[in-house]
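These notes are about the structure you will find just below.
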There are 2 protein chains.
Amino acid sequence: MPREIAERKDIIPVLGEVFREHGYSGTSLSEITLRTGLGKSSLYHFFPNGKKEMAEAVLDHITDWFEQNVFMPLRDSDDPVSGLRKMFREVDRYFYSGKRICLVGAFALDDTRDHFEARVNDYFSTWTITLAQSLKRKGLGTRVARDTAEDIVSGIQGALVLARSQDDPKVFTRTLKRLQDRLA
Amino acid sequence: MPREIAERKDIIPVLGEVFREHGYSGTSLSEITLRTGLGKSSLYHFFPNGKKEMAEAVLDHITDWFEQNVFMPLRDSDDPVSGLRKMFREVDRYFYSGKRICLVGAFALDDTRDHFEARVNDYFSTWTITLAQSLKRKGLGTRVARDTAEDIVSGIQGALVLARSQDDPKVFTRTLKRLQDRLA
DNA sequence: TTAAAACTGTACTGGTCGTTACAGACTAGA
DNA sequence: TCTAGTCTGTAACGACCAGTACAGTTTTAA
């Protein structure tokens, strides 16, 4: 019964990039039709609840990616140090070494957050908590681990803001490196 | 000739809060008329170039505030340490201890930045450079001063993102305190 | 009191917004 | 083939968008 040539999951990364460029409220359906090559009827076929459902799918996709490539290694590595190394490597890769922003962070800043509250909250709290536990296994005390995790996650977010404000991705890679070096 | 009861400058802080809540593209003129109590004709009287000019006025107002309350103390304090202390105090006050976001940072993330490129860039580069020079006067080497300044400015931005994502201003105050303590 | 300028209310422009309705085309399994 | 389900193009919906036109009111300075 299904055709499934252009699958729903193929569209989601494109949606992600469009939301990154224009923000949630700045993204129009006509822009989405342009970028995905899908007409409105197709979009509403895949996402019956419209724009909101598209953004939810994107956020879920991001969370899945981080779960797979960042959180799981942090949790499951035999050696916490190698888990941390993997985190920094994957984060650098995900954000294209500072050329790509964090959509969840961008959504967090204005009232877009209110529409995706649980997802935005989960993304950052899972990251912070998982990272703190990894740091504990590395030998840090509970409080220091928590503080350091907070410093790292917010440091990454801030570096993305700063890098884009200066249109200079190196700001991100520099800051990321310093965050990593502080652990050594 | 002028009436000047509701002056242009009285409107700007209100505009700032509206842009903070909804973002630039998410802010409609009708929302602005509601919040300012001014009709469209009055708004276009004060800001002939419309929404864009309103945002420019807000950004200029923010930059002026930081120049006055943050950058100048950093530059002009006899003792760099007291200038730094003042910076952290004023930053905490300005962002309502984590309950208020940084509009310039929010604008930096999506294509809003492209409309206000120079202002967004200036705000962050002035902050970073001024802070680095203050740290140099405190005794840090050129490179360390620059790196530390970058860490602090991006740390503040990231803490604002993280605090709002968790709807927990304490994340901001905690992080701000740690950034300050690292200098001691 | 007069004139010029500052300000504002009302109504409207053309356009775009997100969403829906619906018929038709396509595809897969029977 | 038939049929059920998947997908899509077209056209329209009412609502709202940013911006404008313009006459009218209020204020100020002379």
Side-chain angles (χ1 to χ4, degrees), chain A residues 1-59 103 106-107 110-116 119, chain B residues 1-59 103 106-107 110-116 119:
Chain A
M1 326 138 194
R3 191 192 303 187
E4 316 246 339
I5 289 184
E7 292 190 62
R8 197 186 119 115
K9 70 177 170 66
D10 299 328
I11 311 164
I12 292 173
V14 182
L15 293 175
E17 296 314 310
V18 179
F19 283 130
R20 269 174 232 272
E21 282 174 39
H22 307 291
Y24 180 69
S25 57
T27 298
S28 67
L29 281 214
S30 60
E31 175 74 14
I32 293 176
T33 61
L34 277 177
R35 294 282 288 271
T36 59
L38 291 174
K40 288 187 181 186
S41 44
S42 302
L43 289 171
Y44 273 89
H45 172 73
F46 291 120
F47 307 95
N49 290 324
K51 196 168 130 174
K52 178 152 195 213
E53 189 176 348
M54 300 182 205
E56 286 169 349
V58 169
L59 291 174
L103 186 64
F107 277 14
D110 61 25
D111 62 358
T112 305
R113 184 201 58 177
D114 306 338
H115 301 126
F116 310 102
R119 279 169 241 253
Chain B
M1 328 137 193
R3 189 191 305 187
E4 315 246 339
I5 288 183
E7 293 190 60
R8 198 185 119 116
K9 71 178 171 59
D10 299 329
I11 311 164
I12 292 172
V14 182
L15 293 175
E17 296 314 311
V18 179
F19 283 131
R20 269 173 232 271
E21 282 174 39
H22 307 292
Y24 180 70
S25 57
T27 298
S28 67
L29 282 211
S30 60
E31 175 74 13
I32 292 176
T33 60
L34 278 177
R35 295 282 288 272
T36 59
L38 292 174
K40 285 189 184 184
S41 43
S42 302
L43 290 170
Y44 273 91
H45 172 72
F46 290 121
F47 307 95
N49 291 323
K51 198 167 126 172
K52 178 151 195 214
E53 189 176 348
M54 301 181 204
E56 286 168 348
V58 169
L59 291 174
L103 186 64
F107 277 14
D110 60 24
D111 61 358
T112 305
R113 184 200 59 174
D114 306 337
H115 300 125
F116 309 102
R119 286 171 172 91

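For clarity, every value in this text was computed on a predicted model and none was experimentally measured. Convention: sequence-line order gives letters A, B, ...; per-chain numbering from 1.
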Taking the side chain as every heavy atom from C-beta outward, state whether A:Leu29 and A:Tyr44 have any pair of such atoms under 4.5 Å apart. yes

Classify the nucleic acid contact of B:Ser25 as base, sugar-phosphate or nothing, counting any heavy atom under 4.0 Å across all strands shown. nothing

Classify the nucleic acid contact of B:Thr27 as base, sugar-phosphate or nothing, counting any heavy atom under 4.0 Å across all strands shown. sugar-phosphate

Taking atom P of C:dC17 as reference, at what distance in whole Å does atom NE2 of A:His22 sit? 11 Å

Whole-Å distance, B:His45 NE2 to D:dT25 P, equals 18 Å

Please pick, from D:dC7, D:dA18, C:dC17, the nucleotide with the shortest atom-to-atom distance to any side-chain atom of B:Tyr44. D:dA18

Taken in chain and number order and not counting sequence neighbours, the residues that satisfy side chain to side chain donor-acceptor pair (under 3.5 Å) with A:Glu17 are A:Arg20, A:Arg100

When rounded to whole Å, the CZ to C1' distance for the pair A:Arg8 and D:dT6 reads 15 Å

Should we count NE2 of B:His115 as having more than 12 external heavy atoms under 6.0 Å? no

Short side-chain donor-acceptor distance under 3.5 Å, B:Asp111 and A:His22: yes

Go along nucleotides 9-15 of chain D 5' to 3' and tag each nucleotide: B for a protein heavy atom under 4.0 Å from its base, S when only backbone or sugar atoms are that close, - otherwise. B------

To the nearest angstrom, how far is B:Phe47 atom CZ from C:dA6 atom C1'? 15 Å

A:Ile32 CD1 to C:dT16 P: how many Å, rounded? 17 Å

Taking CD from A:Glu53 and P from C:dG18, how many angstroms apart are they, rounded to a whole number? 15 Å

Over how many whole Å does the gap from A:Glu31 atom CD to D:dC17 atom C1' extend? 17 Å

Looking at A:Lys52 and A:Phe116, would you say the former's side chain and the latter's main chain have a donor-acceptor pair under 3.5 Å? no

Whole-Å gap separating C1' (C:dT20) and CG (A:Asn49): 13 Å

Check whether any side-chain heavy atom of A:Phe46 sits under 4.5 Å from a side-chain heavy atom of A:Glu53, and report yes or no. no

